[in-house]
There are 2 protein chains.
Amino acid sequence: MEYLFHVDAANDLGQMNETLTAPDSIEAFRERLAAISIDLPRRLRQCADFIAGNTDRIAVSTVADIAAGADVPPSAVMRFCQLLGFSGYSEMQKLFRDAYAMGFPDYETRLRNLKGGAAESPTAILAEFVEAGRLSLENLAKSLDETALNTAVAVLSQAQTVHIVGRRRSFPIAAYFAYIFEKMAVPAILHDGVGQLDYSHALRRGDALIAVTFAPYAEETLALAALARKRDVPLVLLTDRLTSPLAREASAVLTITEVDFGAFRAPTATIAVAVALAVAVAAARKEARE
Amino acid sequence: MEYLFHVDAANDLGQMNETLTAPDSIEAFRERLAAISIDLPRRLRQCADFIAGNTDRIAVSTVADIAAGADVPPSAVMRFCQLLGFSGYSEMQKLFRDAYAMGFPDYETRLRNLKGGAAESPTAILAEFVEAGRLSLENLAKSLDETALNTAVAVLSQAQTVHIVGRRRSFPIAAYFAYIFEKMAVPAILHDGVGQLDYSHALRRGDALIAVTFAPYAEETLALAALARKRDVPLVLLTDRLTSPLAREASAVLTITEVDFGAFRAPTATIAVAVALAVAVAAARKEARE
DNA sequence: ATGTATTTGGAATATTTATTCCATTTCACA
DNA sequence: TGTGAAATGGAATAAATATTCCAAATACAT
């Protein structure tokens with residue numbers, strides 16, 4: 001690959017071997033990075049990926065650090081810097097050291113900076129959701145009912161087929177359950193309601209049902225859960241409060257409180273519970289088979 | 001002034017020439033600084049003053065920089081570092097560089113901790129995912145490309161219809177986008193592939209497409225995105241790296257790094273980006289209509 | 001298959017940066 | 001104003017770090 005030509009071509013300069021000017025701002029840096037990342041040989045691609053994901057660290061890292069992080073020799077990093085238009089690593093680092101002025105981008109500071117922007121700016125909104133997500137996770141770690149979690153794992157790992165239901169807001173969670181179970185070879189069916197077919201006949205004794213539902217509780221979810229109980233199919237419930245409908249029918253109730261931002265609520269903690277539950281169940285089933 | 005005596009006196013050790021331990025946290029550093037600053041000769045006082053007021057620059061400055069800032073020769077700075085209990089400038093700088101890097105997905109230390117603990121019980125597994133989620137969110141706050149986020153919001157808020165595509169692992173995210181857009185009355189279509197219908201004819205000029213894809217990138221997602229570009233439909237991409245396919249075609253690339261636990265990865269940060277993006281777009285569209 | 005161009009790793013070198021050391025200056029006190 | 005102890009500056013050296021270069025490996029085209 002002929003580096004200079006390639007980069008010139010990307011810039012439509014049409015002049016070969018022209019010396020490329022170095023990016024003079026972080027924004028320009030990211031642009032250049034994106035531009036050259038299109039087509040790179042293996043080692044340089046590793047550099048691009050690592051640097052894209054760890055841009056902040058350049059200011060305080062040596063070539064050797066970056067090289068180790070990207071799992072390439074130092075010379076590859078040097079080549080990469082030059083590919084970006086810098087004379088070498090030092091020049092690139094200077095860009096980031098100069099920009100460092102705004103203090104420690106530790107999580108707290110950075111978050112404050114993000115929120116500082118205009119009230120409605122996308123970054124401010126993102127910062128709010130990040131914060132809400134973190135609070136939700138913290139809260140979850142403190143308040144989740146261990147017994148219920150253990151029961152849920154026990155119930156699900158003994159089931160022949162795991163059925164999953166969740167609508168509207170809870171549908172992504174249900175879909176995520178289905179994805180992990182599929183990946184881990186656990187027989188599972190997602191009751192997604194396509195074509196208004198409810199597959200309720202597929203709910204058979206020996207199976208189990210995971211129902212995910214938050215206020216306002218979706219009709220179909222409640223209906224399927226009720227049917228499950230009628231058929232003696234045990235129910236694992238992911239919901240927002242112990243007083244939600246179905247709670248008394250369930251073998252295990254996992255209550256999850258999401259911290260909201262305005263009228264909005266991201267299912268951060270719910271996802272964590274879902275993935276942990278699914279992985280634990282898959283592990284338990286595997287163990288039981290051996 | 002007899003340095004060692006003075007410092008020992010401040011520590012009430014009463015033993016002269018004892019080697020002083022270096023501060024091991026920024027807090028300890030500030031304390032030590034305050035303690036010795038009480039009575040210093042001229043040049044060392046200049047060092048103390050400058051360093052107290054520019055602590056944050058230590059991580060990215062050389063001895064010469066600090067010396068110039070404090071208007072003293074480099075050797076004075078060296079003496080000052082030793083007075084604080086460090087072996088030299090490098091050791092002091094390390095403290096600040098480490099503090100700066102804390103909280104990054106540090107694959108050497110942090111992940112080993114995560115994977116190291118025998119995560120047998122469901123509760124332990126959950127704790128791991130909670131921790132991974134927290135790290136992902138922190139990392140997101142620090143590293144998300146603000147420009148790209150703003151561009152994404154601009155592009156999507158001008159679109160007539162917003163199309164969404166995401167398969168397998170990314171499907172729950174795509175579904176969540178669809179849910180929020182529906183709730184906020186933003187015209188949106190989820191390309192879920194039910195019945196192998198691809199709805200590709202619905203992609204029309206004036207629309208925009210959100211594609212969510214992580215390695216290994218799903219065929220259908222790539223195909224639809226390619227089609228969008230052919231029809232001049234702008235593309236907003238949520239993906240794992242800048243070098244992923246489609247990145248060059250996209251109007252905005254939002255790279256999101258999820259911290260994994262073992263082979264598993266919860267889309268915690270991705271969800272946060274999705275909800276923030278969707279809400280920002282809905283807000284922008286509402287504003288535009290008024 | 002064969003030759004050519006690209007890519008790669010690492011050893012050699014250059015450069016920058018940290019650290020020590022000591023001759024000189026400054027200061028406190030008689 | 002002379003004397004010893006402390007403080008200072010800068011030159012010399014050591015260490016770390018960046019950068020180059022080239023032989024070997026690999027990919028690519030014919």
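All heavy atoms count here, side chains included; hydrogens, waters and symmetry mates do not. Just so we're on the same page: letters track the sequence lines, and every chain starts at 1.
- As rounded to whole Å, 8 Å separates atom P of D/dG9 from atom CD of B/Gln46.
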Quick test: give all pairs of protein nitrogen or oxygen and nucleotides 17-27 of chain C nitrogen or oxygen below 3.5 Å, distance rounded to 0.1 Å.
residue	atom	partner	partner atom	Å
C/dA18	OP1	B/Val63	N	3.3
C/dA18	OP2	B/Val63	N	2.6
C/dA18	O3'	B/Ser90	OG	2.9
C/dT19	OP1	B/Ser90	OG	3.3
C/dT19	OP2	B/Tyr89	N	2.4
C/dT19	OP2	B/Ser90	N	3.2
C/dT20	OP2	B/Gln82	NE2	2.7

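- The side-chain contact (heavy atoms from CB on, under 4.5 Å) test with B/Met92 is passed by exactly one of B/Ile51, B/Val63, B/Val77, B/Ile66: B/Ile51.
- Atom CD1 of A/Ile66 is separated from atom P of D/dT17 by 13 Å (rounded to the nearest Å).
- Considering only residues two or more places apart in sequence or on other chains, A/Lys183 meets the side chain to side chain donor-acceptor pair (under 3.5 Å) condition with none of them.
- Note: CG (A/Leu44) to C1' (C/dT7) measures 8 Å, nearest angstrom.
- Counting to the nearest Å, the C1' atom of D/dC28 and the CG atom of A/Asp39 are 14 Å from each other.
- A straight line from CG of A/Asp71 to P of C/dT8 spans 13 Å, rounded to a whole angstrom.
- Identified under the ring pair (Phe, Tyr, Trp, His ring centres under 6.0 Å) test for residues 23-55 of chain B, with sequence neighbours left out: B/Phe29-B/Phe96.
- Scanning for salt bridge (Lys or Arg N to Asp or Glu O under 4.0 Å) contacts around A/Asp49 gives B/Arg241, with sequence neighbours left out.
- In this structure, the CZ atom of A/Phe80 is 17 Å from the C1' atom of D/dT19, given to the nearest Å.
- Taking the salt bridge (Lys or Arg N to Asp or Glu O under 4.0 Å) definition, one finds that A/Arg30 meets it with nothing, sequence neighbours left out.
- For B/Thr62, the side chain to side chain donor-acceptor pair (under 3.5 Å) test picks out B/Asp65, with sequence neighbours left out.
- Counting to the nearest Å, the C1' atom of D/dT17 and the CD1 atom of A/Ile58 are 16 Å from each other.
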